[in-house]
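Below is one structure; the comments refer to it alone.
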Amino acid sequence: MKQKAQRSTTTRTNMWGSRFATAADARLRAFNDSFRFDWRLLEQDIAGSIAWAEALGKAGVLSQREERRVVRALRELLDETSGKTLPLDAHEDVHSFVESALSQKVGALAKKLHTGRSRNDQVATDLRLWLADAALEAVSLLAPLAATLVALAKREAATPMPGYTHLKQAEPVTFGHWCLAYVEMLFRDADRLLSAYGRGDECPLGSGALAGSPVEIDREALASALGFARPSANSLDAVSDRDFAADYLYASTLLLGHLSRLAEDLIFFSSDEAAYVELPDAMATGSSRMPQKKNPDVLELVRGHAGRAIGETTGFLALLKGLPLAYDKDLQLDKEPLFRMRETLAAALPALEALVAGLTLNRDRMLAAASSDLLLATAVADALAARGIAFREAHEIVGRRIAEAIAKKTTLKQLGPGGGITAADLHALDPARSVAAKKSIGGTSPKRVRSAAVAAAKRANALATLIAKESRR
Ligand code: ARG
């Protein structure tokens with residue numbers, strides 16, 4: 001092993017250098033290195049380094065000429081590396097990669113860039129820059145799904161279908177109403193993602209390793225050069241705080257939880273038993289064995305990812321717990337769950353949007369199912385109550401009649417008036433009447449659903465405007 005360690009001296013020098021008598025062991029490197037995943041922060045690391053070089057220029061640490069050279073070299077590096085495969089085995093992390101690439105361009109001058117800066121405030125800054133993009137991306141990807149559901153809701157505001165509690169037929173609702181329930185969840189998700197973004201909107205750069213920077217840096221200017229709202233207030237906190245990342249993971253996990261519920265509903269709606277909807281061919285999968293099959297893999301994967309996301313978020317929270325101030329290497333493990341979450345959302349949201357947009361509704365089946373006694377029993381009880389019978393009593397009267405119908409293997413309608421129920425009461429056995437009666441704010445009456453869809457469309461537009469504005473920063 002000694003040999004291996006020596007071999008590594010010749011291929012690579014590390015950032016902590018001279019205090020060590022021997023080079024890093026290959027096994028240390030295999031375990032300690034993070035470039036194989038944190039290369040994803042390259043753009044942010046270069047942006048942070050450019051801003052730092054400019055701040056050092058202003059502080060007089062770099063001459064104007066030096067600052068210009070460093071900034072130009074970093075911009076070149078950004079161009080040269082974009083879309084290229086990076087030497088992932090050859091560097092410890094993204095920061096050491098940038099420094100070594102810079103020194104190949106500007107020689108010893110590269111060494112000045114680390115004045116007053118630490119990888120601790122650097123990585124915290126990189127991650128906040130990355131997270132701002134990731135959070136806005138998530139919002140921008142959920143917005144089209146919300147818009148598609150809103151458009152469906154407008155079109156299907158008066159389409160009755162069975163509504164469920166305990167997955168037992170409960171009362172009719174409209175398909176549009178069902179769509180808008182998910183729109184509400186998505187709007188809350190957008191809010192949560194935006195507040196994760198807002199909480200991340202502080203610049204740690206200038207906090208040094210933990211205690212602050214000895215160089216007189218204008219941190220306000222540095223923060224705004226990088227597009228942050230403000231500099232962080234406490235250097236110990238700044239280098240170790242990952243709350244904004246936990247916020248993003250939680251917001252994304254809850255979002256996936258909502259998508260999973262949507263998926264579960266659609267799996268049931270598209271089952272052979274319910275058959276209220278049919279999935280678009282292009283968004284369904286088949287079986288290699290059973291020729292009749294059309295499977296909802298997209299929906300099942302969404303459901304599966306929600307489970308995985310819960311695990312990622314739980315693991316992340318456990319990672320943060322009990323870390324002594326300030327930076328600890330545990331924090332290197334903060335990145336992969338974040339990267340995976342972003343990838344998951346970037347794949348799941350567009351797929352789900354396409355699937356929902358392509359749904360074919362089987363309105364006849366929905367109507368037939370929504371016309372069952374089971375769903376309309378409450379409407380009959382409401383009719384009794386409307387003519388002055390106490391609801392508890394109405395409930396009993398209808399309940400007895402239902403039991404009778406079940407025993408005789410027939411329906412309330414077939415049984416006709418009797419047992420305290422009049423012919424007029426039986427007019428309530430109509431899903432369109434049942435939904436139309438639910439006129440309270442937030443109810444399923446087609447009129448309410450239509451106006452709720454109009455309001456939701458406005459909120460979706462406002463969201464789109466906000467994303468466009470924030471992404472331009
Ligand atoms: N690769 C490290 C990380 O991701 C960068 C910070 C290293 N800092 C340190 N003190 N070793 O957290």
Side-chain angles (χ1 to χ4, degrees), residues 8 12-20 23-49 51-52 81 86-102 110-111 113-134 200 202-214 226 232 235-246 248-249 312 315-342:
S8 51
R12 190 175 94 190
T13 51
N14 56 43
M15 289 184 100
W16 48 86
S18 57
R19 187 216 174 285
F20 290 79
D25 189 291
R27 290 163 297 186
L28 171 98
R29 284 169 43 181
F31 192 47
N32 188 56
D33 287 3
S34 56
F35 194 35
R36 70 179 176 281
F37 54 85
D38 69 15
W39 63 267
R40 285 184 181 78
L41 298 176
L42 182 60
E43 228 182 281
Q44 289 79 7
D45 203 69
I46 293 177
S49 296
W52 188 247
T81 48
L86 300 164
L88 296 186
D89 288 340
H91 299 271
E92 182 194 345
D93 59 18
V94 64
H95 324 293
S96 50
F97 168 71
V98 170
E99 189 170 310
S100 107
L102 183 64
K111 295 188 176 163
L113 184 60
H114 215 51
T115 317
R117 180 176 76 160
S118 156
R119 281 188 291 167
N120 299 352
D121 58 349
Q122 214 179 330
V123 74
T125 305
D126 293 0
L127 203 61
R128 283 172 185 265
L129 288 171
W130 180 91
L131 192 112
D133 289 346
E202 290 189 349
C203 183
L205 206 54
S207 299
L210 76 163
S213 180
L226 282 169
S232 54
S235 60
L236 285 169
D237 179 47
V239 295
S240 59
D241 167 34
R242 298 293 184 271
D243 293 3
F244 59 97
Y248 166 79
L249 286 178
E312 295 270 34
F316 191 87
L317 293 173
L319 182 77
L320 300 182
K321 166 199 129 353
L323 291 185
L325 277 178
Y327 176 87
D328 301 276
K329 191 63 172 245
D330 314 43
L331 289 172
Q332 178 161 287
L333 304 180
D334 62 359
K335 293 165 201 65
E336 288 158 295
L338 294 167
F339 297 153
R340 280 195 292 265
M341 189 66 84
R342 186 176 182 172

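Residue numbers count from 1 along this sequence. Both ligands and their constituent atoms are indexed starting at 1 by order of listing.
Protein heavy atom at the shortest distance from atom 6 (C) of ligand 1 is Tyr327 OH, 3.5 Å. In this structure, the protein non-hydrogen atom closest to atom 2 (C) of ligand 1 is Gln332 OE1, 3.3 Å. With hydrogens left out, the protein atom closest to atom 11 (N) of ligand 1 is Arg119 NH2, 3.9 Å, a heavy atom.
Using a 4.0 Å cut-off between heavy atoms, Lys335 contacts ligand 1 through its side chain alone, with no backbone atom that close. For His95, every heavy-atom contact with ligand 1 shorter than 4.0 Å involves the side chain, none the backbone.
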Carefully, step by step, assess Leu331 and Leu320 under the rule side chain to side chain contact (heavy atoms under 4.5 Å, CB included).
CA-CA 8 Å; Leu331 289 172; Leu320 300 182; 3.8 Å; yes
One pair to check against side chain to side chain contact (heavy atoms under 4.5 Å, CB included): Ser49 and Leu113. What are the steps and the verdict?
CA-CA 8 Å; Ser49 296; Leu113 184 60; 4.0 Å; yes
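When Asn120, Asp33, Asp38, Asp121 are checked for heavy-atom proximity to atom 8 (N) of ligand 1, Asn120 turns out nearest.
The pair Arg128-Asp241 meets the salt-bridge criterion, since a charged nitrogen lies less than 4.0 angstrom from a carboxylate oxygen.
Applying the ring pair (Phe, Tyr, Trp, His ring centres under 6.0 Å) rule to Phe97 yields the partners Phe35, His91; only residues at least two apart in sequence or on another chain are considered. Considering only residues two or more places apart in sequence or on other chains, Trp130 meets the ring pair (Phe, Tyr, Trp, His ring centres under 6.0 Å) condition with Phe339.
Distances below 4.0 Å separate heavy atoms of Ser34 from the following atoms of ligand 1: 1 (N).
Environment of NZ in Lys329: crowded, with over 12 heavy atoms of neighbouring residues, nucleotides or ligands closer than 6.0 Å.
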